[in-house]
Participant: 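Got a structure here, written out as structure tokens. Questions coming.
Bear in mind the structure is a predicted one, so any value in this text is a computation, not a measurement. Order of listing sets the numbers, starting from 1, for every ligand and every atom in it.
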Amino acid sequence: MIKTEKILHLKSCRGRKVRVVREHYLREKVPCYSALCQADCENDGKVLPADLTHYVVPDVGVVVDYLEILEFRELQGVVFTQTACQAVQHAKGRRQYNRLRGLLKDPRHDCVLFANEFQEFSYVQRERGESLEEWQTRCVYSAAVWYRNHLAGLMDVVMITEDQETVSRYSSLNSGVYVISVQDFLLNFWPDLQAAHDLYSSISQVLQEKKESENSQKEFSEHLPAEVLEAGIKSGRYIKGALNVSKHRAQSEASITATEGLSEKNKDLSGGVFISGVKNRNRAVHGDVVVVELLPKSEWRGRAMGLSEGQGEEKGGVEENQSQPLPTGRVVGILQRNWRDYVVTFPPRDGSQSQSRNSQRILVVPWDHRIPKIRISTQQADTLQDHRVVVRIDSWEISSLYPNGHSVRVLGRAGELETEVQTILIENCIHVPPFSDAQLREMPPNSPEKPWAMDPDQVAQRRDLRETHLVFSIDPQGCEDVDDTLSVRRIAGGKLLELGVHIADVTHFVREGSLTDLEARSRATTYYLADRRFDMLPAVLSAELCSLLGGVDRYAMSVLWELDSQTLAVTRVWFGRTVIRSSYQLHYELAQALLNGEPVRVPELTALTSEERDAKLAQLTEALETLTHVARHLRAQRDRGGALELEGVEVRAQLDHEKNITALVPRQPLEVHETVAECMIYANHWVALKIQETFPHQTLLRCHPQPRDEFFSQLVESAMAGGFSIDTRTNKALADSLDRAVDPQDPLVNRLLRMMATAAMSEALYFSTGLLSQDQFYHYGLALDRYTHFTSPIRRYADIIVHRLLAAAIAAAEGEEPGKSLAGHKELDEMAQHINNKNRAAKRAQKLSTELFQNLFFKERDPQTDPHCVADAIIYAIRDNGVLAFVPEYGLKAPVYLKNREGQVISVGPDGGCDWQSGSVRRSSDHISTTSTCGSSTFRLFAHITVRISVRSNHFHADSLNLEIISNKPHSSAEPEKPRPQGRSQLVQEVVRLAEEASQQAQEEAARRPRVSREEREYRQSKSPNLYSLLEEVRELALLDLETAAAAAAQVCATTA
Ligand SMILES: [Zn+2]
């Protein structure tokens, strides 16, 4: 080992100059991570394959500026040098550096890190008079040459650079080591990877312009250096927090919730700091972690209180009322940029953009209202007008009113179904590419010629329930990923009942750390959109080997309880791996019919003689009855504890054998739903107890915090106005009072109240037990002290973690040391946060896609003539300038304005018809009245009205629906108890049909724009419409389904207060 000294003069990313002296030890042995290694390197971890034509060694400039291109998974054999990685850390900061580290760790990317500066023969000393850049280039080149020699000339090495000088200097020094530009590299080796070519040209353009604009005039003030910011936060002079831009007034209003910097003298800032106007935001973008300085009190501002219809629309020059002045500040520095990929729309080219035609600079408008316009350079401005495109922000120069960015990928024409669906996915950071070949190669073989079979060794290690237990599943019709089954039987001469829940043994097939595991972890859940789903696991698992289908042998994870058959008290619980064969694959309606003693046809029994059939049927019916009996008891137990029944998903999908939605029908509440749900809740609860007892500080549980009291105010007020009293002191009181709040004339009233209760709830969350105290473990909605997710490992990653924990707990109980080290509580906490985030994203995407379908459906119709556009609605809240209404037929909630911008109010004629007249409105707690020259009219809470639905189109953002009152009477054709059941399904079918027609037309045009349709294909995965699994989560979703009501309420609240 040789010791040298390395002296570096570096400029940090914040502009400071630093001199670093490092003792530097050189070694002979530094791993090469190549399968072609000729020198016995200790290559553990990722290894570059041998069967490539070349390895790629990017130089410092390429890694710093073009990392995004190196992120394409198609690129193989990439060697990152230590020199380049350190340069990224200095030039681009921690975030970009972590991104690079992530890339190096991720086995889905074929790249490695070479510690070139520690390798005796690769390292080169910096020479006198040599610039840092020259030396770095020489280091990287030397590393490239080292690879060529170390692998004994078996592999060619290509060094890529953006510096022409480097190309001419090094390209002919060594044979087998090529030095070429990035562009030549892409053209020669990846001529068909169009996305990389496009990305290359947009990044290089941005770099070019950045050089040009460095001397322009300043539009903003300088950000303070990091050490000044940190000292300021410590002393309480500055406040740190994430910037939150207002959705409704994105241009003028933003705020931060202080996370640090609150001292004695400004502790009243716990409500946050208001930031007024774009100048004071000082180039911070929604989501960035910023540092704020308070302005003097004389400059404090209030929030605008006036009415603004629709999101993001701001009319300048209108005198608006303001709230009381709030503590107001300005951004003095940015600690962390949290930029993501943004979907933007290219504006139509008209006169106003003419000055940019020469320079090809375009201001594009992000889909998310809260993100500022982004300036991008492109040569495709004409072809891309009216298209949605993914862009990334590169920088926001002090001299520029807008951030600079570059385009990454074209999604398609704005307004087309595929484009809009991709937009929803990207805006929610949902990345669901098709499963790669490498992932699919991990799957067990299963083909018609060679069907999968159980391994006798496995069977020997498991408890075999195939002969002893009658196992069956109950799911929605058409379900193909069956992850749970049930059994119940009498044992010990009838003294005991044995209840069993058997869950697909997914972790048997998904090994921890495998590619499939990593992909499932990063997805965290299966995503359900209105017309398609994106699976968490490949179909061979989710629909076949892990699906507990009838009549086939399957591995399972089972929980078996022995209950006293009189008292139903638990006498013993057994957890373990099993082998099962489900006898019946029932659906809910069939199971309920059996319970009701109705004559039914059970498919599994059709081939039997009638005697055999009757015997089997009697056995199955008895099992169902016993199960119902047990579930009622369990439910009653939880009810006494205060479990809540909430209104959540209102429709369910009915699917044909090809999984097409044939109808979306309002959910028929069947007792058997409750029975199955209750057994699953019980299993989840007992597994939570088991794993938490074994691993008290490193277990993944799910809690549901008690809601904050003030969130109930709308529910309480509305209920009171309807003559009901709602008690929110405990979950039990809330549940009981909701049960009593029933209007015998109108069942919708109770449903609405439950919806409002749902909206007031906190979110249920996963957490690591090491980080919360025990009293925070409680699940408020289910009234359980311990809860987790165990029963759906096919489509939730949390359940996979829990299965692994349970397996480890079982092993521990048998005296085994946990084989692999379990995740520590920190690591588990990060995982829990990741899954929580992905679940939120999944819910938002689902909601947005439902709204998209609604908008597309109504966009095709003329609201003045089409009967679909007129519907019954019920008023569920009163506001200053209107009401919030719910349209049961379409499951819509939206504001209905009774006073418009021109100051006119709704006036009701003798026949109930409504029109606009000048006048005034008056609001009280349970009604709102309008007065005009034609008289006065009153609208009461829970009254039915007739509304006209139309679309408020928006080229750059999502469309929204507009409800206009046309009569103060219920819609004539509507019978509240029997809403037209096909409303939503027609809607989805209609929109899909139109989109298909449009795509046919587009195909004819395809020759003119082939690239766009190629991009459109990229994201499609499983287009089969499928919503059934929603139903299984009715209760959980209900607890989570906050946004629909809350968003509608916020829209009116924010504009009227
Ligand atoms: Zn080696």
Participant: In terms of relative ring orientation, are Y141 and Y170 parallel, tilted or perpendicular, with 30° and 60° separating the classes?
Facilitator: tilted
Participant: How far apart are the C-alpha atoms of R521 and D517, what are their side-chain angles, what is the distance that settles it, and do they pass the salt bridge (charged side-chain N to carboxylate O under 4.0 Å, His left out) test?
Facilitator: CA-CA 6 Å; R521 186 188 302 177; D517 184 43; 3.4 Å; yes
Participant: Does the ring centre of Y555 sit less than 6.0 Å away from the ring centre of W452?
Facilitator: yes
Participant: Can the ring centres of Y200 and W190 be said to be less than 6.0 Å apart?
Facilitator: no
Participant: What's the verdict on salt bridge (charged side-chain N to carboxylate O under 4.0 Å, His left out) for R138 and E134, showing C-alpha distance, side-chain angles and the deciding distance?
Facilitator: CA-CA 6 Å; R138 209 154 55 83; E134 285 168 339; over 6 Å; no
Participant: Would you list the protein N, O or S atoms within less than 2.8 Å of the Zn ion (ligand 1), leaving out water?
Facilitator: C32 SG, C37 SG, C41 SG, H150 NE2
Participant: Indicate the ring-plane relationship of F185 and F189, choosing parallel, tilted or perpendicular according to the 30° and 60° boundaries.
Facilitator: tilted
